[in-house]
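Worth saying up front: this structure is predicted, and the values here are computed from it rather than measured. Lettering follows sequence order; numbering is per chain, from 1.
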Number of protein chains: 2
Amino acid sequence: MPLPETQIPGRLQAYFSERGIRITQQRRAVLRVIETATKHLDASQILRKVQRVDASVDRSTVYRTLQLLKRHGLIDELDLMHIRGEGHYYERKMNREHIHIACLRCGKITEFVTSTYDKLKQQVEKDCHFKILVSRLEVGGYCSACRQ
Amino acid sequence: MPLPETQIPGRLQAYFSERGIRITQQRRAVLRVIETATKHLDASQILRKVQRVDASVDRSTVYRTLQLLKRHGLIDELDLMHIRGEGHYYERKMNREHIHIACLRCGKITEFVTSTYDKLKQQVEKDCHFKILVSRLEVGGYCSACRQ
DNA sequence: TTTCTAGTTGCGACTCGGTCGCATCTGCTG
DNA sequence: CAGCAGATGCGACCGAGTCGCAACTAGAAA
């Protein structure tokens, strides 16, 4: 019998409890929003979604949780070429790093995975004697629809 | 690995006068600072350097000039993995796009040019039917010195 | 050389993303 | 179930960047 959905700890929550990081109601809500997000969210969007579950959650709690996740390498921070505003977008860290392709006209974000990216990072590590922990490749331009 | 200084001084100003963009004392000072910079500067560093020449230049003039340069594709805007603060860094657009490698411990920024990067961008254009105008690849990790 | 004006500037007020200090509260372990 | 380290909410704060407006100026035209 599977547990009811609210009791299934997500991957992020599992990571927290394994490491003895305290899981609070507020954190659980933030993690849930990030885990179930279908697109890139910025901090204020995350806050709004969290507050639909628990209206008392504060901005700073969301920011602090995002910092925590970033420090543990569980989320990636994106700029998305500053298409809308100056803030950052967040997404769960995926198994495979991918390229973010942002259309400067319609604002659509596409993700693209290719082994060439992995090769490029390997080359940087070798040629520059550098240990890569995070990388971010963002591309801006016009998608095929907008070029018509 | 650092790029050679191949830029002819005054190119930005030349671009302006060719296009009939008004050249003011303030703009001249900002362009000069950007053209003679030996490292990546953020807006407030540019302002400080400009004010050493003309103390009356205002923040907003620097920001407006940076916007102008960005719009004309004459400078690149960098995040540099937010090593110090949230602001942006600027550099003259080079002939060849390069990767920015930021050491998360000592803060050193290295630039790296490779044809693999060009190939990767070509692949994105082809596979995603996307016209790339700007791209930004930033890498964070530990340099060889900091790993000792 | 002087005149004229569209474009630029300085200023101050503002927005917005993000941080911090502090009093209060709460997961968690014993 | 008690104790407390660590998390939260709140409000003040910070720094980056923007904007409206009156004053100024580069540079074309006379």
Original post:
Within the pair H82(A) and dG17(D), is there a side-chain N or O less than 4.0 Å away from OP1 or OP2?
Top reply: no
Subject >> Gap between atoms CG and P, on D58(A) and dC10(D) respectively (whole Å) >> reply: 6 Å
Original post:
For R27(A) and dG27(C), what is the distance between atoms CZ and P respectively, to the nearest whole Å?
Top reply: 11 Å
**OP:** Could you tell me the separation between the CG atom of L69(A) and the P atom of dA7(D), rounded to a whole number of Å?
**Re:** 13 Å
**OP:** May I ask you to evaluate whether Y63(B) reaches the phosphate of dG17(D), defined as a side-chain N or O under 4.0 Å from OP1 or OP2?
**Re:** yes
Subject >> R59(A) or Q25(B), whichever maps to the more 5' nucleotide of DNA chain D >> reply: R59(A)
Original post:
Out of dT9(C), dG17(D), dG9(D), which has the shortest distance to the side chain of T24(B)?
Top reply: dT9(C)
Original post:
Between atom CG of L66(A) and atom NE2 of H88(A), what is the distance when rounded to the nearest 0.5 Å?
Top reply: 11.5 Å
Original post:
Looking at dT18(D), dG6(D), dA26(D), which one has an atom nearest to any side-chain atom of Q67(B)?
Top reply: dT18(D)
Subject >> Interatomic distance where CZ belongs to F16(B) and C1' belongs to dA26(D) [whole Å] >> reply: 14 Å
Original post:
When we call it a touch if two heavy atoms are under 4.0 Å apart, what does S60(A) touch: a base, just sugar-phosphate, or nothing?
Top reply: base
**OP:** Please tell me which of Q26(A) and K70(A) maps to the more 5' nucleotide of DNA chain C, matching each residue to the nucleotide holding its nearest heavy atom.
**Re:** K70(A)
Subject >> Nearest-nucleotide pick for T61(A), side chain only, options being dT9(C), dG9(D), dT18(D) >> reply: dG9(D)
Subject >> salt bridge (Lys or Arg N to Asp or Glu O under 4.0 Å) contacts touching residues 127-148 of chain B (sequence neighbours left out) >> reply: D79(A)-R136(B), R136(A)-E138(B), E138(A)-R136(B), D79(B)-R136(B)
Original post:
To the side chain of R22(B), which of dG17(D), dA16(D), dG27(D) is closest?
Top reply: dG27(D)
Original post:
CZ of R48(A) versus C1' of dC16(C): gap in Å, rounded?
Top reply: 13 Å
Original post:
Roughly how many Å is it from CD1 in I46(B) to C1' in dG15(D), rounded to a whole number?
Top reply: 16 Å
Original post:
The side chain of V57(A) lies closest to which of these nucleotides: dG9(D), dG27(D), dT26(C)?
Top reply: dG9(D)
Subject >> Interatomic distance, I23(A) CD1 vs dT26(C) C1' [rounded to whole Å] >> reply: 14 Å
Original post:
Could E35(B) and R92(B) be called an ion pair, given the rule that one side-chain N must be under 4.0 Å from one carboxylate O?
Top reply: no
Subject >> S44(A) OG to K49(A) NZ distance, which is reported to the nearest 0.5 Å >> reply: 12.0 Å
**OP:** May I ask you to say what R64(A) touches in the nucleic acid, namely base, sugar-phosphate or nothing, with a heavy-atom cut-off under 4.0 Å?
**Re:** base
Original post:
Looking just at side-chain N and O atoms, do H72(B) and Q67(B) make a donor-acceptor pair shorter than 3.5 Å?
Top reply: no
Subject >> Separation of atom CZ in R28(A) from atom C1' in dT8(D), rounded to whole Å >> reply: 15 Å
